[in-house]
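All chains are named by letter (A, B, ...) in the order of the sequence lines, taking the proteins before the strands, and each is independently numbered beginning at 1.
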Amino acid sequence: MVEISLTNTRIRKKERFDPIDPKNIRVYACGPTVYDRAHLGNARPVVVFDVLFRLLRHVYGEDAVTYVRNFTDVDDKINARAAETGRPIRDITEETIGWYHDDMDALGALRPTHEPRATDYIAQMIAMIEDLIAKGFAYAAEGHVLFEVRKFPEYGRLSGRSLDDMIAGARVEVAPYKRDPMDFVLWKPSSGDQPGWDSPWGHGRPGWHIECSAMSAELLGDVFDIHAGGIDLQFPHHENEIAQSRCAHGSEVMANVWLHNEMLQVEGKKMSKSLGNFFTVRDLLDQGIPGEVIRYVLLMTHYRKPMDWTAEKVREAEATLRKWRGLTEGIEPSASPAPAVIAALADDLNTAGAIAALHDLAKDGDIPALKASAALVGLLDDRLGDWVAGGPDLAGFAAQLDALRIAAKASKDFSAVDAMKQKLTAAGVEIRMTATGVELSAGPGFSAAELEQI
RNA sequence: GGUGGGUUGGCGGAGAGGUUACGCACCGGAUUGCAAAUCCGUGAAGACCGGUUCGAUUCCGGUACCCACCUCCA
């Protein structure tokens, strides 16, 4: 059995992963709020935790891993989007979920075992809130229900902050019905046009944090193996999840292992709309950057380090994948991935190390192992390969160039060959002349319009 | 102010207390009508200051700079 180690932010160190039940590994990752296209920053955890999913399936068996990633389909941002567009909320969330699937599929991410929608679990949320009130951890006030953070002494442990620190420096919402400024909302009232459900506290809707506690408990149990998400969610979202779940279930932990990925930056800065460096996965795909290339770039950097999205990385990733795709075309993968690749991934998801190991396989000429090992990180999959094969038909040009070349070899006058080569190169066509003939392929700057001129 | 992350060769980016990371780029060679691709090879590092050690880029402490979170952004 391969030994997997993971950096557990709950205890702030790397440790061996010991499943609660090796026949049923349970993983939860916080999913998107569905009001708009996923941006590139959303894609990083999806791809990183997809590799975790693949690794766990490889080690423990495909049917031994349950991976849950939710859709938050009730949220004030969705309400705001509905108000400004005049569209029904359900339309917006349905459409956005469809986009999300399209975009993440394009990145080669496997669909999780379950993708629960928050609105399907309102009953479980209400039950959990009632339970928290009954146990004295929450209180109702003016149509709201609040979690009383002072009742949970370990509040703040995950993120390493004390309640007093938080209050001192934070801009927290002070509301008259709160017993402590840090108390957070479990349930809040809805007015006429806002989505709402009947509850013991009146017509209302759940707070954000309770969703994940309710859905993870329903689908994975009170205590499960791994909870994953972005480091920006560590506080307050994950802190609040822990408070809710542990107090409701009386458990020592919510999840044994907490994994947090670092943030993605663009040219050295955080991606934000105000800086103008904000873009979605769909934007990149529409620019012609293949999903597989995006995936490779995201895997070039270890998940616990901030990563920078740059054009240079895209170029490098595309060149490498073209090379590997060429090597593996028509090759049957070996029965199992290379030990070096498994070892890298098992060591805290070292995807950069795994890629280095793939380079070694390519260099050593072990192409079947390259293909089998790449599958473990979701690369060189047949489903993702259209971008390489799907180029324009250049056979006519190739034949023409080859004919010129044969003639030139006899006449020793290569001027006509060189002239055509220059035009093809200008149109972004890559030329390979081998002993047996000419191969043409569309390069990075390929232009069909320029090709027409030839 | 509090909390966390980062600083490795021209660029990207890992592991390991002592032995080549790897990729891209560059340079040299092979090959080529010339190229491209491919193959072979060379060079190049560890922010700064101290400490531990026979030996540290790797462990410990400090300094500087960068980034993020503390606002229902992954």
Could you tell me how far B:A25 sits from B:A37 if I compare only their P atoms? Round to whole Å.
8 Å
Identify the nucleotide, in any strand shown, that forms a Watson-Crick or G-U wobble pair with B:A14, with both distances under 3.5 Å; if there is none, say none.
none
Taking pairing as Watson-Crick or G-U wobble with both contacts under 3.5 Å, can you name the mate of B:G1, or confirm there isn't one?
B:C70
Mind calculating the distance between CZ (A:F397) and C1' (B:A36) to the nearest angstrom?
19 Å
Is it the case that the ring center of A:F184 lies less than 6.0 angstrom away from the ring center of A:H209?
yes
Report all interatomic pairs (protein N or O, nucleotide N or O of nucleotides 72-74 of chain B) with separations under 3.5 Å.
residue : atom : partner : partner atom : Å
B:C72   : N3   : A:K188  : NZ           : 3.4
B:C72   : N4   : A:K188  : NZ           : 2.4
B:C73   : N3   : A:K270  : NZ           : 2.8
B:C73   : N4   : A:K270  : NZ           : 3.3
B:A74   : OP1  : A:N42   : OD1          : 3.0
B:A74   : O5'  : A:N42   : OD1          : 3.4
B:A74   : O4'  : A:N42   : OD1          : 3.4
B:A74   : O2'  : A:G230  : N            : 2.7
B:A74   : O2'  : A:D232  : OD1          : 3.2
B:A74   : N7   : A:H39   : NE2          : 3.1
B:A74   : N1   : A:L264  : N            : 3.0
B:A74   : N3   : A:G41   : O            : 3.2

Starting at NZ of A:K305 and ending at P of B:G12, how long is that distance when rounded to a whole Å?
12 Å
Parallel, tilted or perpendicular, as decided by the 30° and 60° cut-offs, for the rings of A:Y28 and A:F224:
tilted
Under a 4.0 Å threshold between the charged nitrogen and the carboxylate oxygen, would A:K188 count as salt-bridged to A:D76?
yes
If you take the centroid of each ring, where Trp contributes its six-membered ring, are A:W258 and A:H238 closer together than 6.0 Å?
yes
What do you reckon, are the aromatic ring centroids of A:H203 and A:W197 less than 6.0 Å apart?
no
Nearest-neighbour nucleotide for the A:F414 side chain, B:G33, B:G6, B:C34 considered
B:G33
Between protein and nucleotides 20-27 of chain B, what N or O pairs are separated by less than 3.5 Å?
residue : atom : partner : partner atom : Å
B:C24   : O2'  : A:R315  : NH2          : 2.6

Got A:I226 and A:R26 here, is their nearest side-chain heavy-atom distance under 4.5 Å?
no
Between A:K409 and A:R304, name the one whose nearest nucleotide on RNA chain B is closer to the 5' end.
A:R304
Looking at A:R150 and A:D180, is any side-chain nitrogen of the basic one under 4.0 Å from a carboxylate oxygen of the acidic one?
yes
Taking the C1' atom in each of B:A21 and B:C69, what is the distance between them to the nearest angstrom?
33 Å
When the C1' atoms of B:G18 and B:C24 are considered, how many whole Å apart are they?
30 Å
With a cut-off of 6.0 Å (strictly less than), are more than 12 heavy atoms of other residues, nucleotides or ligands near CD of A:E329?
no
If the test is side chain to side chain contact (heavy atoms under 4.5 Å, CB included), which one of A:D283, A:T280, A:I294 qualifies with A:L40?
A:I294
Would you mind checking if A:E262 and A:K305 are paired as a salt bridge, meaning a charged N to carboxylate O distance below 4.0 Å?
no
Would you find more than 12 non-hydrogen atoms of other residues, nucleotides or ligands less than 6.0 Å from A:R111 atom CZ?
yes
To the nearest Å, how far apart are A:Y303 OH and B:G5 P?
13 Å
Taking atom P of B:A14 as reference, at what distance in whole Å does atom CG of A:L299 sit?
12 Å
For the P atoms, the ones on B:U3 and on B:U42, what distance do you get once it is rounded to whole angstrom?
49 Å
If B:C65 has a Watson-Crick or G-U wobble mate with both distances under 3.5 Å, name it; if not, just say none.
B:G6
Work out how far the P atom of B:U20 is from that of B:G12, and round it to whole angstrom.
24 Å
If I pick the C1' atom on B:A14 and the same atom on B:C22, what distance separates them, to the nearest angstrom?
8 Å
Side-chain ion pair, A:E84 and A:R81, N-O less than 4.0 Å
yes
For B:G23 versus B:G17, give the span between their C1' atoms, rounded off to a whole number of Å.
27 Å
In whole Å, I'd like the distance from the CG atom of A:D308 to the P atom of B:U8.
13 Å
Does the B:G33 base have a donor-acceptor partner in the side chain of A:D418 within less than 3.5 Å?
yes
Just to be sure I understand the rule, does A:V417 reach a base, reach only the sugar-phosphate, or reach nothing, if contact means heavy atoms closer than 4.0 Å?
base
Interatomic distance where CZ belongs to A:R432 and C1' belongs to B:A36 [whole Å]:
8 Å
Do A:F147 and A:Y139 have ring centres separated by under 6.0 Å?
no
Inter-nucleotide P distance (B:U58, B:U19), Å rounded:
13 Å
Length of the line joining A:I406:CD1 and B:G33:C1', which is rounded to integer Å:
14 Å
Considering only heavy atoms, which members of residues 98-110 of chain A lie under 4.0 Å from some atom of RNA chain B?
none
Between A:S159 and B:U3, does any side-chain N or O lie under 4.0 Å from OP1 or OP2?
no
Under a 3.5 Å limit for both distances, which nucleotide forms a Watson-Crick or G-U wobble pair with B:U52, could you say?
none
Let me know the distance between CE of A:M307 and C1' of B:G6, rounded to the nearest Å.
15 Å
Partner of B:A44 by Watson-Crick or G-U wobble geometry, both contacts under 3.5 Å, or none?
none
How is A:R12 classified with respect to the nucleic acid when contacts are heavy atoms under 4.0 Å: base, sugar-phosphate, or nothing?
sugar-phosphate
Assess whether a salt bridge exists between A:D348 and A:K14, defined as any Lys/Arg side-chain N lying under 4.0 Å from an Asp/Glu carboxylate O.
no
